[in-house]
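I have placed the structure first, in the form of structure tokens, so that the comments after it can refer back to it.
Small disclaimer: the values here were computed from a predicted structure and weren't measured.
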Amino acid sequence: MSGVRLRFAPSPTGYLHVGGARTALFNWLLARKEKGKFILRIEDTDLARSTQESVDAILEGMCWLGLEWDEGPIYQSDRFPIYREFVEKLLLEKKAYKCFCTPEELDAKREKAIQEKKKPQYDRTCLERQTDDSDRPFVVRFNSPESGTTAFDDLIKGRISFNNEELDDLIIQRSDGTPTYNFVVVVDDATMGISTVIRGDDHINNTPRQILLYEALGYPVPLFAHVPMILGADKSRLSKRHGATSVIAYKEMGFLPEAMVNYLVRLGWSYGDQEIFTKEELIERFSIGSVGRSAGIFNPDKLSWLNAHYIKEYEPVRLAELLVPFMKKKGIDVANGPDIVKVVKTLQDRARTLVEMADGAEFYYKAGFSYDEKSLQKFLNGTLASIFEEIAEKFSLVAKADHESIDTLFKNICSGRGLKMKDVALPARIALTGGTAAPGLFDVIEVLGKEETVSRLQRAIEFVKILEQKKIDDNE
RNA sequence: GGUCCCAUCGUCUAGUGGUUAGGACACCGGCCUUUCACGUCGGUAACAGGGGUUCAAGUCCCCUUGGGAUCACCA
């Protein structure tokens, strides 16, 4: 039993973003690989921006991806007394101090510093203050060292070091008594015994301050691993204008969680030339050290390719279950029509998403479709109706409507009429599916069954007769 | 602007001083074929630039350039 403890700590101000999902995935993977614990913590110290809907959305995303957590969700809003205690402790030890400067004063100082091209840092006015006007509102600031350096060995980026003079005295408790992010994250990670912090590299600049806080609090500093950002096609931070950024949106677009996980993990991490990984393989082969250092661009094409792969490989029964909601969304009740599992089997090789598969499955359940007339025109030579009639006739006599007997039936018709397979199969496909893009004709017939096939053929015969008559009229 | 991070095909990446710089997505072409796909075979395509170190540099060092992050009583 290894003692590693990892955590994912989203703030509930929106849905689960693909970037966050990847960070969560890396944490989860490492926890599973090392047989440690994976903790989910909700960072909701900003009461105004946090919502329960966001918490639910994040949990839904995590569950969909299969990232089950061992402890939590722990809400920071439940832990305010703990943070308060640690603030008092620092205050007592003079490692923190009360600051009575107003936001207006601070803004003015910042403005001035920027004007004078100086660093906009807090000037420590209140550090040496003797009077304690506690009836006036105050914030608590961390007394940060003014010299020296703070460094750490990032598991992904290598050694990173900062001059302490770059760090000013950050606020750890607001004037309303609530603690701020950099403080609570340290208190939580410390008291929860987090051994390795894996998070986005937008937190690198926070890390030295946090290390200083660990030290002030007397806790060991954890290991850090800062994973690079995910960017959009134009190399800017991935946002809605690049497409969907919510994990759940991908679920709704018909992606499989296996594909999403596989895509996300391979974006920034690699294992030789391998592209496809089962969850077990990932757990076995993942290592945080082989995560790349540079930002990656989110590539929907590759995600689609992976999704297509997983659709092909999926167990048809399970895939059918996943497809049903997508059919329902199109107003189709799969109970009224052919066996959905058989339908799925004919579509697995030609759908990249469940949405595409639902589109491709539509004709099986909707008999009243319109025909692709333009394509049908090519086969109008006066005998098409009779070909359909012959198929219907012979097919209704066939003992077993399986692939093989359908094959021989069509071959017989072809040889009997001196026609090529495409002369018969192509128009027949239009008759049965309405269009030209569909699964193999014999598979379609087999799935549709004898009765439905014959009925569709009869409907097509009527339609073709009208077309042929029209053609004669036009020529006159 | 300060600080910090990053830099191999369009994209994701392999590469840990000696390689015809490999794979995958996408793209293009051949094959397969009852359509559309799938599949399969092949092709185009990269070490940002400049200095060092070294017998030898995509690999190590420095600079430049370019991209990104961060500088809140947000997280």
Side-chain angles (χ1 to χ4, degrees), chain A residues 9-13 43-46 48-50 76 99 101-103 106-107 110 114 117-121 137-141 154 156-158 160-163 165-168 170-182 184-185 200-208 226 228-229 231 233-237 263 266-276 290 292-306 308 312 347-352 356 360 372 375 407 410 414 420-430 433 435-442 444:
Chain A
S11 61
T13 54
E43 309 230 322
D44 58 350
T45 52
D46 185 345
R49 292 203 305 154
S50 302
Q76 290 185 325
C99 170
C101 298
T102 63
L106 262 19
D107 283 346
R110 199 169 11 246
I114 291 169
K117 304 231 159 133
K118 285 196 229 152
K119 289 173 194 166
Q121 289 190 337
F138 64 90
V139 299
V140 178
R141 286 184 184 272
D154 192 277
I156 292 170
K157 308 262 188 183
I160 299 176
S161 98
F162 294 80
N163 286 324
E165 62 191 36
E166 299 296 335
L167 280 19
D168 64 353
L170 80 155
I171 293 170
I172 59 176
Q173 183 176 288
R174 302 183 185 96
S175 51
D176 66 358
T178 59
T180 58
Y181 169 74
N182 277 299
V184 294
V185 81
D201 70 3
D202 48 336
H203 286 286
I204 286 180
N205 290 319
N206 288 326
T207 308
H226 287 98
M229 312 248 78
L231 309 177
D234 59 358
K235 298 197 176 195
S236 70
R237 200 182 189 128
Y263 177 71
R266 264 297 275 109
L267 177 56
W269 175 82
S270 60
Y271 187 82
D273 284 340
Q274 189 171 348
E275 294 288 346
I276 310 286
S290 45
R293 290 157 311 239
S294 52
I297 292 173
F298 189 84
N299 183 347
D301 280 337
K302 188 151 184 186
L303 209 210
S304 288
W305 172 74
L306 278 163
K312 284 190 205 73
L347 263 9
Q348 277 180 288
D349 279 348
R350 56 198 90 226
R352 297 194 303 173
E356 282 183 14
D372 178 348
S375 301
D407 185 31
F410 270 78
C414 286
K420 297 220 156 112
M421 183 60 85
K422 60 179 159 196
D423 299 322
V424 179
L426 261 27
R429 170 173 295 102
I430 298 171
T433 73
T436 57
L441 181 64
F442 304 158
V444 169

| Per-nucleotide protein contact string for nucleotides 9-16 of chain B (B base, S sugar-phosphate only, - none; heavy atom under 4.0 Å) | --SBSS--

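The phosphate of B:G68 (OP1 or OP2) has no side-chain N or O of A:R237 nearer than 4.0 angstrom.
Residue side chain A:R350 does not reach the base of B:C38 through any donor-acceptor N/O pair under 3.5 Å, judged by distance alone. With hydrogens and angles ignored, a donor-acceptor pair under 3.5 angstrom links the side chain of A:N206 to the base of B:A75. On a pure distance criterion of 3.5 Å, a polar donor-acceptor pair joins the side chain of A:S175 and the base of B:C73.
Applying the ring-ring contact (aromatic ring centres under 6.0 Å, His included) criterion to A:F298, with sequence neighbours excluded, gives A:Y250, A:Y263. When the salt bridge (Lys or Arg N to Asp or Glu O under 4.0 Å) test is applied to A:D176, no partner is found at least two apart in sequence or on another chain.
Closest to the side chain of A:F162, from the set B:A75, B:C4, B:G39, is B:C4.
With a cut-off of 3.5 Å on both pairing distances, the Watson-Crick or G-U wobble partner of B:G42 is B:C28. In this structure, B:U70 and B:G2 make a Watson-Crick or G-U wobble pair, each of the two defining distances being under 3.5 angstrom.
The neighbour count for A:K312 NZ, taken as heavy atoms of other residues, nucleotides or ligands under 6.0 Å away, is above 12.
Mapped onto RNA chain B by nearest heavy atom, A:A437 and A:C101 fall at different nucleotides, with A:A437 at the one closer to the 5' end. Place A:D201 and A:L426 on RNA chain B by their nearest nucleotides, and A:L426 ends up nearer the 5' end.
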